[in-house]
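Everything on this sheet refers to the single structure shown next.
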Amino acid sequence: MSETTKVNPIVNQSEQRELRYEPQRIEEKWQARWDADPTLYAAEPHSSKRKKYYVLEMLPYPSGALHMGHVRNYSIGDALARYMWMNDYNVLHPMGWDAFGLPAENAAIKNNVPPRQWTLSNIAHMKTQMKRLGFAYDWSREVTTCLPEYYKWNQWFFLKLYEKDLAYKKKSKVNWCRECATVLANEQVVDGCCWRHEDVQVEQRELEQWFVRTTNYSEELIAGLDKLENWPEKVRTMQRNWIGRSEGALVDFKVDGAINTSDKITVFTTRIDTIYGATSIQLAPEHPLVAELVGNDPHLHSKVEDLIREQARAKEEGNLGAIEKHGVFTGRYACNPFSDEKVPIWVANYVLMDYGTGAIMSVPAHDERDYEFAQKYGLEIRVVILPRRIGQPPAPGEPESPVLPYTEKDSLLINSGEFSQLSNMEAIEKMSAFAEKGGFGKKTITYRLKDWGISRQRYWGTPIPMLYCEKCGVVPVPEKDLPVLLPDHVDITLQGGSPLGRVPEFVNTTCPKCGGSARRETDTMDTFVDSSWYFYRYTNAKLADRALDTDTVNYWFPIDQYIGGVEHAILHLIYSRFWTKFMRDLGIVKNDEPATRLFTQGMVIKDGAKMSKSKGNVVSPDDMVAQFGADSTRMYSLFATSPDRELEWQEAGVEGVHRFLSRAYRFVMRHANAAQNGAGAASAERSPKARQIERKLHQTLKRVTQDFQGRWHFNTSVAAVMEFVNHLYAAEDEIAAGKFPPALLADVQRSIALMLSPFAPYLASELWEVLGEKGNLLRHPWPAFDPALAKEDETTYVIQINGKLRSHVVLPAESPEDLVRERALADEKIRTAMEGKEVVKVIVVAGKLVNVVVR
RNA sequence: GCGAAAGUGGCGGAAUUGGCAGACGCACCAGACUUAGGAUCUGGCGCCGCAAGGCGUGGGGGUUCGAGUCCCCCCUUUCGCACCA
């Protein structure tokens with residue numbers, strides 16, 4: 001570098017001290033002001049003339065303290081909310097607490113604190129943390145799901161579900177977690193283990209439970225995914241897999257020699273076109289017909305018992321797909337209605353009772369599982385599909401049979417009676433129609449989705465508002481008697497069913513129908529009920545006589561942007577979608593889906609692993625805030641990487657952001673007066689450096705604005721502002737010498753405050769005030785960039801020879817191509833490099849480069 | 001096994017449409033100012049090389065004047081699904 005080291009003309013020690021950025025002081029001052037005026041962040045009434053924007057972050061469980069995942073989630077949402085506010089939207093940005101749940105009971109057992117007290121004090125603490133972080137929530141709409149004013153409406157919704165036959169009670173095999181001492185929904189079982197206890201295998205128990213008929217909406221839930229274009233593809237795929245739609249047909253096989261002539265086995269198949277290749281029937285071990293078919297043969301009986309045990313064990317281990325296939329022949333036969341052929345009936349451990357009909361036709365030649373099974377037991381393998389189109393002759397030397405199992409669908413039927421020579425797709429249509437006409441089958445659609453089991457044998461949840469009367473049976477609690485209050489002072493243990501069952505004052509009641517004695521339902525609701533509709537309640541959180549006000553909801557909904565972790569891709573997000581459809585059909589909302597856009601942020605990790613107490617790699621937000629301030633903590637969570645990616649927490653990075661904010665702060669503090677005092681002299685001439693800063697300012701505004709409108713890569717937004725501040729420092733001697741037009745200097749400083757405000761609201765507010773500006777930044781318009789001012793008037797062309805960088809040439813912007821070519825070829829380095837070579841071609845890319853192709 | 005995403009310096013990451021690889025930040029090195037520095041400011045910082053220059057975006061091929069970016073094959077990591085008939 002030829003330039004000599006510059007001495008900073010401004011900084012001396014005493015000034016250093018004076019200009020020191022002290023986030024604690026600034027942040028405390030502003031937090032006190034914001035607290036004193038809670039209307040600052042309040043959304044306007046729905047009659048507002050502004051366009052609405054509903055930005056929502058998933059509400060936290062009040063576990064005791066915020067973790068970095070929360071900070072990241074809320075920093076993204078808050079930046080967006082603030083940006084939208086500045087763009088003149090009426091923004092709804094609420095927060096609440098998913099406050100029911102088992103940890104409160106565990107804490108009660110461990111520390112002898114009532115769940116309510118534990119939960120409410122956690123909420124108080126976490127709310128303090130959120131305020132300290134400066135998130136702009138409308139606290140007037142706070143929702144706490146464990147309070148009667150909220151869970152009353154859970155109960156009301158339950159009554160509506162019951163009324164519409166969407167809630168029912170049945171005895172069935174359910175998932176049981178012994179650590180939680182309660183039943184779990186299918187969605188809460190991950191790899192055979194409890195979602196809260198990764199190493200606790202879920203057991204199967206036969207219990208009577210309340211279910212919600214989510215399956216009534218299977219088709220709409222899956223079809224609706226196609227329209228959710230602004231949901232991550234990953235989430236949509238996961239939901240599609242979970243719902244598991246599958247088109248096929250039911251076909252009845254008559255049991256040969258049945259005592260009862262109506263005895264038949266109905267199979268579900270997606271490949272009715274292969275039915276002539278069916279060489280056995282396979283039943284799930286728990287199929288109701290098995291007992292009858294096996295009769296009282298003790299040998300067969302014990303074999304079937306073994307199969308049931310194998311399945312149960314595999315299910316608990318979560319590796320259903322991995323177990324070795326076993327089966328047993330019942331000695332009985334069934335009749336294929338298409339061919340009138342008799343096929344043996346087997347019982348097999350790879351057939352599941354809870355999917356389809358629990359019975360399949362086994363086509364070894366065209367199904368991998370059936371093939372494996374048939375090979376093991378020596379069952380016939382009959383080819384009925386050829387990998388060939390209709391009319392296409394076999395290729396010379398093509399073997400008669402394809403490589404088995406052959407499972408492709410675009411091919412030709414053989415050995416299939418009158419259906420031979422049809423293509424698969426055609427055969428599926430014709431054969432389904434044939435079965436339907438013959439009364440032994442029909443087309444159908446099967447789903448993997450099961451109804452949602454919502455009963456929990458736990459205390460800290462919403463009581464299910466049902467009664468059991470000796471005379472009248474199951475009786476819903478009348479609406480007027482809601483809420484069914486959760487009693488206090490309950491002895492909590494993890495044994496022997498719901499703790500509520502041991503509270504006589506709660507259990508014993510009178511029947512609203514007959515006035516006789518009745519018992520209350522003692523199970524409580526899955527907490528996912530609470531979170532399935534909480535975001536509707538925010539629109540009118542204090543409404544006393546209804547769950548929600550339809551007009552208000554219709555104004556705010558659907559949610560414009562929902563932000564949360566991908567771990568809820570199935571659980572919370574599928575229940576919420578179901579609940580929205582249910583509410584729509586009740587006529588109280590009109591949207592089909594809760595949220596038009598969904599964003600799933602990446603995990604926060606440390607030292608390459610998810611933060612967890614057991615690994616000892618937890619970074620506390622409190623520590624970060626104490627050390628570097630809320631602004632630096634938030635801004636680092638956005639700067640370290642783009643919001644969708646995994647974030648590796650590095651404390652040195654937070655320090656770096658803090659250092660940058662200090663630089664920005666010092667710059668404004670040093671020049672605020674100069675800008676204010678000379679504010680009138682707008683027409684002052686711009687030096688080249690000043691013009692360069694002005695251009696850079698508009699380029700920066702453009703970059704930050706485009707990041708908000710496009711990809712949300714706030715890491716590059718922050719980088720852009722950093723670059724800008726670096727440029728200002730480079731121009732500092734001119735600025736200090738008063739060579740910058742004051743109006744430009746003022747504009748630069750205001751813009752810094754405005755651009756920083758979505759990311760570092762405390763510092764931005766402080767700078768805003770220092771600059772003599774009044775009013776909350778949220779109500780100040782987002783700064784527009786001027787494309788003309790952002791435009792460079794010179795372009796640096798890259799000159800390549802055969803694609804290799806060799807030189808540069810600076811030309812006025814929009815130079816004609818001829819001139820660019822001429823100047824490139826005249827460049828000294830290029831001329832030297834071209835010596836003795838033949839120029840084949842010269843490629844000029846406007847505004848970018850010149851590539852000279854030589855030979 | 002199936003599906004998706006990713007792989008770039010010592011580290012976190014930039015590089016919308018193919019066009020200067022490594023912006024910005026961290027760490028590190030040097031200098032300035034200092035009684036002092038874990039403050040601040042200035043400069044340097046992919047690898048090899050004294051240099052000229054060469055090599056470089058997981059590996060191998062290809063398309064192109066030009067490839068981190070597009071195509072084919074392979075490897076690794078992460079996530080999701082996995083007897084769903």
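Throughout, protein chains are lettered first and strands after them, A, B, ... in sequence-line order, and every chain is numbered starting at 1. What you see is a predicted model, and the numbers here were worked out from it, not measured in a lab.
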Please pick, from [options], the nucleotide with the shortest atom-to-atom distance to any side-chain atom of [X].
X	options	result
Arg645(A)	rG54(B), rC83(B), rA14(B)	rA14(B)
Met238(A)	rA15(B), rG80(B), rA85(B)	rG80(B)
Ile843(A)	rG13(B), rC65(B), rC24(B)	rC65(B)
Thr270(A)	rC83(B), rA85(B), rC24(B)	rA85(B)
Gln650(A)	rC41(B), rG12(B), rA85(B)	rG12(B)
Ile323(A)	rC24(B), rC83(B), rU17(B)	rC83(B)
Lys234(A)	rC79(B), rU16(B), rG25(B)	rC79(B)
Leu849(A)	rC24(B), rG19(B), rA14(B)	rG19(B)

Nearest-Å distance for atom pair [atom1]/[atom2], residues [X] and [N]:
X	N	atom1	atom2	result
Glu651(A)	rA27(B)	CD	P	11 Å
His568(A)	rG80(B)	NE2	P	14 Å
Met635(A)	rG12(B)	CE	C1'	15 Å
Lys829(A)	rG53(B)	NZ	C1'	13 Å
Arg245(A)	rC81(B)	CZ	C1'	19 Å
Tyr636(A)	rG12(B)	OH	C1'	6 Å
Leu19(A)	rC33(B)	CG	C1'	16 Å
Ile605(A)	rU77(B)	CD1	P	16 Å

I'd like the [atom1] distance from [M] over to [N], given in whole Å.
N	M	atom1	value
rC11(B)	rC28(B)	C1'	11 Å
rG37(B)	rG31(B)	C1'	16 Å
rC48(B)	rU42(B)	C1'	29 Å
rU8(B)	rA14(B)	P	11 Å
rC65(B)	rG1(B)	P	40 Å
rC29(B)	rG9(B)	C1'	16 Å
rG68(B)	rG58(B)	P	10 Å
rC45(B)	rA51(B)	P	13 Å

Applying salt bridge (Lys or Arg N to Asp or Glu O under 4.0 Å), which residue pairs with at least one partner in residues 274-283 of chain A are found, sequence neighbours left out? none
Glu723(A) CD to Gln699(A) CD distance, which is reported to the nearest 0.5 Å: 9.5 Å
Does Lys325(A) make a side-chain donor-acceptor contact with the base of rC83(B), cut-off 3.5 Å? yes
Any donor-acceptor pair under 3.5 Å between the side chain of Asn851(A) and the base of rC65(B)? yes
Just call it for [X]: base, sugar-phosphate, or nothing, with non-hydrogen atoms closer than 4.0 Å on any strand.
X	result
Gln800(A)	base
Lys804(A)	sugar-phosphate
Phe639(A)	base
Val351(A)	base
Gly656(A)	sugar-phosphate
Val853(A)	sugar-phosphate
Glu233(A)	nothing
Asp354(A)	nothing
Arg236(A)	nothing
Leu647(A)	nothing

Return whichever of Ala652(A) or Ser642(A) has its heavy-atom-nearest nucleotide of RNA chain B closer to the 5' end. Ser642(A)
Can you work out whether Met361(A) or Thr716(A) has the more 5'-proximal nearest nucleotide on RNA chain B? Thr716(A)
Just N and O in the side chain of [X]: are any of them under 4.0 Å from OP1 or OP2 of [N]?
X	N	answer
Arg240(A)	rA4(B)	no
Arg659(A)	rA27(B)	yes
Arg448(A)	rA85(B)	no
Asn715(A)	rA14(B)	yes
Tyr355(A)	rA85(B)	yes
Asn241(A)	rC2(B)	no

Under 6.0 Å between ring centres: does that hold for Phe660(A) and Phe759(A)? no
Would you confirm whether Thr633(A), through its side chain, and Gly629(A), through its main-chain N or O, come within 3.5 Å as a donor-acceptor pair? yes
Within 45° of the axis and under 6.0 Å from the centre of the six-membered ring of Tyr729(A), does NZ or CZ of Arg663(A) qualify? yes
Kindly indicate whether a cation-pi arrangement holds for Lys325(A) with Tyr350(A), taking the cut-offs as under 6.0 Å to the six-membered ring centre and within 45° of the axis. yes
Mind telling me whether Trp649(A) and Tyr636(A) have parallel, tilted or perpendicular rings, with 30° and 60° as the class edges? perpendicular
Going by the angle between their ring planes, with limits at 30° and 60°, are Tyr406(A) and His366(A) parallel, tilted or perpendicular? perpendicular
Is [N] paired to anything, Watson-Crick or G-U wobble with both distances less than 3.5 Å, and if yes, which nucleotide?
N	result
rG80(B)	rC2(B)
rC33(B)	none
rA39(B)	none
rU57(B)	none

Student check: side-chain heavy atoms of Ile272(A) and Phe338(A) closer than 4.5 Å: yes
Go through Arg695(A) and Glu792(A) one step at a time and tell me if the salt bridge (Lys or Arg N to Asp or Glu O under 4.0 Å) criterion holds. CA-CA 7 Å; Arg695(A) 185 184 309 124; Glu792(A) 296 283 352; 3.4 Å; yes
For rG9(B), does the O4'-C1'-N9-C4 or O4'-C1'-N1-C2 angle fall within 90° of 0, making it syn, or is it anti? syn
